[in-house]
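Here the structure is laid out as structure tokens; the discussion comes afterwards.
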Amino acid sequence: MNMRAIAVGSGLVVVAALAAAALIGPRSGVSATDGAPPRLIAVSGEGEVKTRPDMATISTGVVSEAVTAKDALARNNTAMAAVIAALKKAGVAEDDIQTSDFSVSPKYPPYQPNQTTAPRIVGYTVSNQVTARVKDLKKLGTILDTLVQAGSNQIHGISFGVDQPKPLLDEARKKAVADARAKAELYAA
């Protein structure tokens with residue numbers, strides 16, 4: 001995974017302006033009120049830090065169907081309780097499990113081109129999804145197996161990331177500022 005930050009802005013323009021002023025020297029007989037535009041050079045810098053992911057985010061859940069919304073919801077609640085219990089038993093902290101989507105939808109019979117009456121509801125579908133952060137990647141395969149065994153019939157994807165990205169982003173920013181400073185000094189020369 002790449003962690004990348006790009007520094008662009010007025011702080012870097014000041015670096016360029018100071019470098020240019022130091023190299024060019026003061027202008028004799030010119031005041032700040034003479035209307036001359038300031039001599040500025042705008043630069044940007046780029047810094048990149050690469051690291052391996054140390055956590056994964058899983059989007060998983062259960063879709064249940066029944067003739068009534070009440071029955072579909074009851075089935076879904078039972079299955080989701082088992083999925084969440086399996087996540088906790090596998091070592092995923094409760095704070096790392098969050099409901100990300102919930103819906104109840106009517107179900108209609110297949111479309112009939114010659115049908116003369118309005119379609120009627122023949123059942124309901126309930127979908128409940130959770131997002132879980134897995135901080136021990138060695139357990140990821142086992143957790144996925146456990147989810148399916150617990151009743152999860154929807155796994156929408158796994159994304160990998162870094163649990164504490166701030167130090168990496170700070171390092172990338174430092175590199176971006178150093179890159180911009182070097183460009184400013186080069187341009188000023």
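By convention here, the first residue in the shown sequence is residue 1.
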If you round to the nearest 0.5 Å, how far is NZ of K135 from CD of Q164? 7.5 Å

Considering all heavy atoms, the nearest D163-D54 contact: N-OD1, 2.7 Å

Check: T60/S152 side-chain N/O donor and acceptor closer than 3.5 Å: yes

On a heavy-atom basis, which atom in A66 and which in R75 lie closest, and how many Å separate them? CB-NH1, 3.9 Å

Specify the closest pair of heavy atoms between P109 and R120, including all atoms of both residues, with the distance to one decimal. CD-O, 3.1 Å

Any link between V62 and L73 through a network of hydrophobic side chains (Ile, Leu, Val, Met, Phe, Trp, Tyr) touching at under 4.5 Å? no

Please determine whether residues I158 and I97 belong to a single hydrophobic cluster, defined as Ile, Leu, Val, Met, Phe, Trp and Tyr linked transitively by side-chain heavy-atom distances below 4.5 Å. yes

With a 4.5 Å limit on heavy-atom distance, are the side chains of N128 and N76 in contact? yes

Check: L147 and I58 side chains under 4.5 Å, non-hydrogen atoms: yes

What I want to find out is whether K175 reaches E48 closely enough, with some N-O distance under 4.0 Å, to be called a salt bridge. no

Looking at A180 and V43, what are the two nearest heavy atoms and their distance? O-CG2, 3.6 Å

Are the side chains of E94 and K88 in touch, meaning some heavy atoms are under 4.5 Å apart? yes

Quick one: do the T142 and D145 side chains pair a donor with an acceptor below 3.5 Å? no

Least distance between heavy atoms, S127 atom then V63 atom: OG-CG2, 3.9 Å

Please tell me if the side chains of V130 and D101 come closer than 4.5 Å, counting only heavy atoms from C-beta onward. no

Can you confirm whether K174 is buried at NZ, in the sense that more than 12 heavy atoms of other residues, nucleotides or ligands lie under 6.0 Å from that atom? no

Can you tell if the side chain of V122 reaches within under 4.5 Å of the side chain of Y108, non-hydrogen atoms only? no

With a 4.5 Å heavy-atom cut-off, do V92 and I143 have their side chains touching? yes

Kindly determine whether V49 and L169 satisfy side-chain contact (heavy atoms from CB on, under 4.5 Å), including the steps that lead there. CA-CA 8 Å; V49 174; L169 289 169; over 6 Å; no

Is it true that atom CD of Q115 has more than 12 heavy atoms of other residues, nucleotides or ligands lying nearer than 6.0 Å? yes

Do the non-hydrogen side-chain atoms of K139 and D136 ever get within less than 4.5 Å of each other? yes

Which distance, rounded to the nearest 0.5 Å, do you find between the OG of S64 and the CG of N153? 6.5 Å

Within this structure, what is the CD-OG distance for the pair Q98 and S59, rounded to the nearest 0.5 Å? 11.0 Å

Crowding at CZ, R133 (>12 non-hydrogen neighbours, <6.0 Å): yes

Non-hydrogen side-chain atoms of F160 and T57 separated by less than 4.5 Å: no

What closest approach, in Å, do K107 and T125 show between heavy atoms, and which atom pair accounts for it? CD-OG1, 4.0 Å

Grouping I, L, V, M, F, W and Y whenever their side-chain heavy atoms are under 4.5 Å apart, do M80 and L87 come out in a common cluster? yes

